[in-house]
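Inspection log for the structure reproduced underneath, given as structure tokens.
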Amino acid sequence: TFKRVQIDELNDSQLLSVLGDSYREYPIRLKKLLRTPSNLYFWQRLNQPNCLFISQRDLINQWWLELKNKADKQQIAASDLQSIVATINEHISNGASRVLRSRFPSEKALAFLASEGFLVSDDNQRHFHYVHQSIYDYFISDDMYEQVSFGFSFAECLGDFNAQTPMKRY
């Protein structure tokens, strides 16, 4: 079971204590982005956090690209990472909040994503899920964008109104 905890935005002094003096030099837009704790989490996992980011999507996209490159260097196929993402997304779309370890096709890829902080597990490591809901949102919006770029209308991507889930409408 999950426990909901409200975490407010971070202020400048808190961010300064976490990120150091270089925080003072960040553009205003980036400072505002990093006030959200999940964005700060993503930012801190980037190998090259000096890039300009203007949205949470940018942060997650860069992290995902870096993870795929790092996995490739460890002989973990990008297709294995994609299979894990597809498995989690399918389970979430069907109402599950986490996925049983045995449902994943690659133990090595699963361990890699967990060790990188992209996935978290329960105490006995039987179930896994994304570290934050926004990662699921990123992949769902990416899938919808791809469908639209292939010529599908928004209405086709969303499906019949009566069959839509809140996730799709969002």
- Task: With side-chain contact (heavy atoms from CB on, under 4.5 Å) as the test, would you mind laying out the steps for Leu40 and Leu19 before giving the verdict?
- Result: CA-CA 9 Å; Leu40 178 62; Leu19 298 172; 3.8 Å; yes
- Query: Is any side-chain heavy atom of Phe139 closer than 4.5 Å to a side-chain heavy atom of Ile88?
  - Reply: no
- Query: Side chains of Leu10 and Leu34: does their closest heavy-atom pair fall under 4.5 Å?
  - Reply: no
- Message: With rounding to the nearest 0.5 angstrom, report the CZ to OG distance, Arg103 to Ser83.
- Response: 15.0 Å
- Message: I need the Leu15 CG to Trp43 CH2 distance, nearest 0.5 Å.
- Response: 11.0 Å
- Val131-Val18 co-clustered via ILVMFWY side chain contacts under 4.5 Å: yes
- Task: Could you check if a side-chain atom of Val99 sits within less than 4.5 angstrom of a side-chain atom of His129, using non-hydrogen atoms only?
- Result: no
- Could you check Ile135 against Trp63 for side-chain contact (heavy atoms from CB on, under 4.5 Å), going step by step and ending with a plain yes or no? CA-CA 10 Å; Ile135 295 173; Trp63 188 23; 4.1 Å; yes
- Message: Please evaluate residues Tyr136 and Asn89 with respect to the criterion side-chain hydrogen bond (donor to acceptor under 3.5 Å, both in side chains), reporting the C-alpha separation (whole Å), side-chain torsions for both, the decisive distance (0.1 Å), and the verdict.
- Response: CA-CA 7 Å; Tyr136 173 71; Asn89 291 350; 5.9 Å; no
- Look up atom OG in Ser106 and atom CD in Gln82, then write down how far apart they are to the nearest 0.5 Å. 13.0 Å
- Message: With side-chain hydrogen bond (donor to acceptor under 3.5 Å, both in side chains) as the criterion, how do Gln56 and Thr36 come out once you've worked through the C-alpha distance, each side chain's angles and the decisive distance to 0.1 Å?
- Response: CA-CA 9 Å; Gln56 184 177 67; Thr36 303; over 6 Å; no
- Task: Would you mind checking if Lys108 and Asp80 are paired as a salt bridge, meaning a charged N to carboxylate O distance below 4.0 Å?
- Result: no
- Asp58/Gln62 under side-chain hydrogen bond (donor to acceptor under 3.5 Å, both in side chains): CA gap, chis, key distance, verdict: CA-CA 6 Å; Asp58 292 337; Gln62 181 63 34; over 6 Å; no
- Does atom CD of Gln74 have more than 12 heavy-atom neighbours, drawn from other residues, nucleotides or ligands, at distances under 6.0 Å? yes
- Query: Between Leu119 and Tyr130, is any pair of side-chain heavy atoms under 4.5 Å apart?
  - Reply: yes
- Check: Asn11 main-chain N/O paired with Gln14 side-chain donor or acceptor under 3.5 Å: yes
- Message: So does Leu33 get a backbone contact from the side chain of Asn39, meaning a donor-acceptor N/O pair under 3.5 Å?
- Response: yes
- Any side-chain heavy atom of Phe128 within less than 4.5 Å of one from Leu100? no
- Item | More than 12 heavy atoms from other groups under 6.0 Å of NZ on Lys32 | no
- Asp137 backbone acceptor or donor facing Ser134 side chain under 3.5 Å: no
- Task: Mind checking the CG-OG spacing from Leu59 to Ser38? Nearest 0.5 Å is all I need.
- Result: 9.0 Å
- Message: Check this for me: does any side-chain nitrogen of one of Arg35 and Asp12 sit under 4.0 Å from a carboxylate oxygen of the other?
- Response: yes
- Task: Measure from NZ or CZ of Arg45 to the centre of the six-membered ring of Tyr41 and say whether it is under 6.0 Å with the direction within 45° of the ring axis.
- Result: yes
- Item | Pairwise distance CG(Leu113) to NZ(Lys70) - rounded to 0.5 angstrom | 11.0 Å
- Message: Exactly one of Phe42, Tyr138, Phe118 should register a ring pair (Phe, Tyr, Trp, His ring centres under 6.0 Å) with Trp64. Which one does?
- Response: Phe118
- Ile7 versus Pro37, closest heavy-atom pair with distance: CG2-CG, 3.5 Å
- Message: As a quick check of understanding, evaluate side-chain hydrogen bond (donor to acceptor under 3.5 Å, both in side chains) for His127 and Arg98, giving each step before the final call.
- Response: CA-CA 6 Å; His127 297 91; Arg98 56 199 179 129; 3.2 Å; yes
- Query: Which distance, rounded to the nearest 0.5 Å, do you find between the CG of Asn61 and the CG of Leu65?
  - Reply: 4.5 Å
